[in-house]
Amino acid sequence: MAVNLQTPIDYLKGVGPNRADLLRKELGIHTYQDLINLFPNRYIDRTRYYKINQLQRNNADVQIVGKIKSFKEVAQKRGKRLVGTFQDETGTIELVWFRGQKWIKENLKLNKTYVAFGKTNWFNGKFSMPHPELELLEEHEKNLRSAMQPVYPSTEKLSNRGITNRMIGKIMQQLFIETNGKFVETLPDYLRSELKLINKQVALFNVHFPKSQDLLSRAQFRLKFEELFYIQLQLIIKNLVHKSKIKGFPFDNVGNYFNTFFKAHLPFDLTGAQKRVLKEIRADLGSNAQMNRLLQGDVGSGKTIVAFMSMLIALDNGFQACLMAPTEILSVQHFNGLQDWCKILNINIEILTGSTKTSKRRKIHESLENGTLQIIIGTHALLEDKVKFKNLGLAIIDEQHRFGVAQRSKLWHKNTSPPHVLVMTATPIPRTLAMSVYGDLDISIIDELPPGRKSIKTVHRYDKNRLNVFKFIRDEISKGRQIYLVYPLIQESEKMDYKDLMDGYESISRDFPMPQFQISIVHGKMKPEDKDYEMQRFIKGETQIMVATTVIEVGVNVPNASVMIIESAERFGLSQLHQLRGRVGRGAEQSYCILMTSHKLSNDSKTRLETMVRTNDGFEIAEVDLRLRGPGDIMGTQQSGVLNLKIADIIKDNDILQHARHHAKSILKIDPTLALSENNVILNTYKQLSKYKNIWNYIS
Ligand code: ADP
Ligand code: MG
């Protein structure tokens with residue numbers, strides 16, 4: 001009989017309650033199944049031995065054959081460390097233990113031939129290997145199965161408590177003994193033969209105990225495919241269910257407002273990309289399903305007018321629309337922009353933010369409820385329970401990475417039936433990642449900038465060149481341009497950052513004295529009114545220089561500002577740098593971005609700066625960002641489960657992801673409920689996975 005893979009790990013021979021506890025806590029391994037799915041991070045060649053004189057200072061795992069010649073105890077600040085001198089025919093290294101010293105001394109034998117395995121450190125002209133794995137050579141040779149020995153994920157606690165890599169290997173072996181290595185196939189035959197995938201049993205065996213490099217590669221491919229296939233299947237099903245279950249308001253009319261605006265009042269010709277995206281949105285709004293769309297477009301690509309025209313469609317169908325932005329400044333800017341168009345079209349529009357006066361607020365609440373107010377712009381204030389709509393048909397969220405998923409759904413529930421939702425972001429997410437993270441969102445992309453934009457020239461300058469930079473500022477101001485000067489503001493060092501900002505402001509004020517020059521300053525600690533006042537002065541052109549923290553990061557539109565100077569640019573992330581740079585280059589003039597840094601730069605900082613200097617393409621920048629930081633920081637990834645991947649890598653295994661998605665899609669197209677007998681295997685696996693939530697933690 002097959003062993004039940006849901007058996008708790010405690011029952012596996014050689015594990016026992018203590019180890020089981022550690023495995024649960026440290027690696028999340030509760031059952032046999034979890035253990036099988038503990039895949040090696042990498043493989044090392046344990047048939048390869050290094051000589052001590054071949055060691056490099058790169059801190060990689062190595063194996064050395066040699067003898068322990070002596071032990072000594074060395075006192076240190078706290079306690080002592082045990083040092084063994086390990087010798088081969090080419091030299092000596094030190095083996096070092098900070099813990100478990102008694103056991104080591106009692107159990108290791110001097111002058112016997114051992115294989116020492118571990119990472120080496122280079123210190124004071126000598127190599128050492130802290131906490132090595134040691135095995136007598138003869139035993140090592142007996143145990144040696146292949147050149148590719150798996151290295152399993154581990155934690156410090158595990159290795160401290162004696163659950164070494166070798167121990168995990170042994171437990172894994174025991175698991176294969178108890179189960180006879182028999183595992184249920186999870187992909188249907190037709191798919192396996194079409195894609196030439198090896199079967200599950202062979203794959204699992206070879207991923208843990210590779211017989212050859214070729215089999216290992218095929219095993220990995222199969223398991224990665226499977227993992228990504230089921231995630232994609234899940235996402236696509238979720239999307240299909242969403243579309244069939246959640247009815248949207250069908251906006252059948254493209255009527256008066258839209259047509260009048262389009263025919264008579266368009267301030268400029270729409271770009272091809274804007275037209276395409278509007279078509280996509282119109283198709284969604286006209287269908288019976290609720291729209292749930294992500295609109296990606298680089299800063300300055302013209303998302304606002306697309307948003308506005310989408311709202312007009314809602315209004316044409318007798319519904320209200322709202323636009324929510326993350327900051328007061330942005331909301332005001334949107335409001336000011338849209339107000340003019342609304343006036344022409346005779347549309348009622350209002351703005352609601354934290355600083356809206358009570359009397360005004362009450363009026364807004366009222367007119368939203370009785371439906372006389374057609375468009376409302378605002379901040380989080382829109383989410384308050386008091387805000388009720390007569391019939392909200394379309395909710396637009398700008399720069400969504402500032403809003404959590406929970407907030408999105410709060411807007412959603414403001415109606416008996418959910419409104420259509422359009423989420424706009426200027427932080428491009430590589431399409432493939434977006435696909436796997438937002439399987440439930442449809443995606444539109446504006447990938448074309450309005451005509452006539454000159455691409456922004458970006459340079460990197462060291463602090464010591466500040467005088468030249470100041471001279472450049474002076475020249476630009478004399479041409480009538482305006483300048484942004486931005487300081488980082490990082491939570492942890494807030495005090496220091498404010499000091500930097502104020503110091504910077506003072507020094508700038510000295511170099512650019514009044515009355516010839518006027519300077520605005522805006523930061524997070526100011527009252528909204530003061531912020532707004534300073535902002536307005538800059539927008540109106542009364543000040544030439546705007547000194548700010550990243551408050552201005554999102555959305556502000558001052559076409560005459562043509563120079564963006566970013567102080568301590570090495571401290572900003574790539575997407576933030578790109579966002580900031582997007583504040584300039586909005587007018588007809590040549591614009592510049594100057595990245596100021598100190599001389600001390602980490603490799604990652606260098607890559608970020610080089611990338612900024614090389615390209616203006618938001619998607620390219622997003623790809624680099626993803627490579628540098630991994631997907632963890634990108635919005636939505638936390639919830640999506642792509643971080644819980646067991647074997648596939650969302651970035652490196654992109655090709656496999658595409659494959660997997662393609663097949664999941666075409667299978668569901670033919671057999672949306674997985675009812676065909678040939679898809680039995682898929683249905684069962686899918687149910688099983690959902691039940692035990694292996695990689696499905698993100699199902700809400
Ligand atoms: P973002 O996508 O960053 O929100 P905006 O909607 O603020 O961009 O547009 C940036 C600027 O480009 C605005 O001044 C807007 O009026 C202008 N703009 C947008 N679309 C076009 C277009 N098709 N032709 C010319 N200018 C445009
Ligand atoms: Mg915008």
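Order of appearance sets the numbers: ligands from 1, and atoms from 1 within every ligand. Bear in mind the structure is a predicted one, so any value in this text is a computation, not a measurement.
- Atoms of ligand 1 found under 4.0 Å from any heavy atom of Arg586 (numbered from 1 in listed order, with element): 3 (O), 7 (O).
- The contact set between ligand 1 and Asp269, taken as ligand atoms under 4.0 Å from a residue heavy atom, comprises 22 (C), 23 (N), 24 (N).
- Scanning both residues, Ser509 and Ile519, for their nearest heavy atoms gives CA-CD1, 3.8 Å.
- Checked by atom type and distance alone, the side chain of Gln290 pairs as donor or acceptor with a backbone atom of Pro419 at under 3.5 Å.
- Heavy-atom proximity to Asp298, at under 4.0 Å, picks out these atoms of ligand 1: 2 (O).
- Relative to the six-membered ring of Tyr592, Arg481 misses at least one condition, a distance below 6.0 Å or an angle of at most 45° to the axis.
- Residues Gln544 and Gln518 approach most closely at OE1-N, 2.7 Å, considering heavy atoms.
- The two residues Ala325 and His334 have their closest heavy-atom pair at CB-CD2, 4.2 Å.
- Shown in contact with Thr271 at under 4.0 Å from a heavy atom are these atoms of ligand 1, numbered in order with element: 23 (N).
- In terms of heavy atoms, Ser331 sits closest to Thr353 at CB-CG2, 4.2 Å.
- Interface atoms of ligand 1 facing Thr304, defined by a heavy-atom separation under 4.0 Å, are 4 (O), 5 (P), 6 (O), 7 (O).
- Closest non-hydrogen pair, Arg474 versus Phe517, comes out as CG-CZ, 4.1 Å.
- With a 4.0 Å heavy-atom cut-off, ligand 1 is reached by no atom of Met424.
- For ligand 1, the atoms closer than 4.0 angstrom to any heavy atom of Leu270 are 23 (N).
- Applying the 4.0 Å criterion to heavy atoms of Ser301 picks out, from ligand 1, the atoms 2 (O), 8 (O).
- The distance criterion of under 3.5 Å between nitrogen or oxygen atoms is met by Gly300 with respect to ligand 1.
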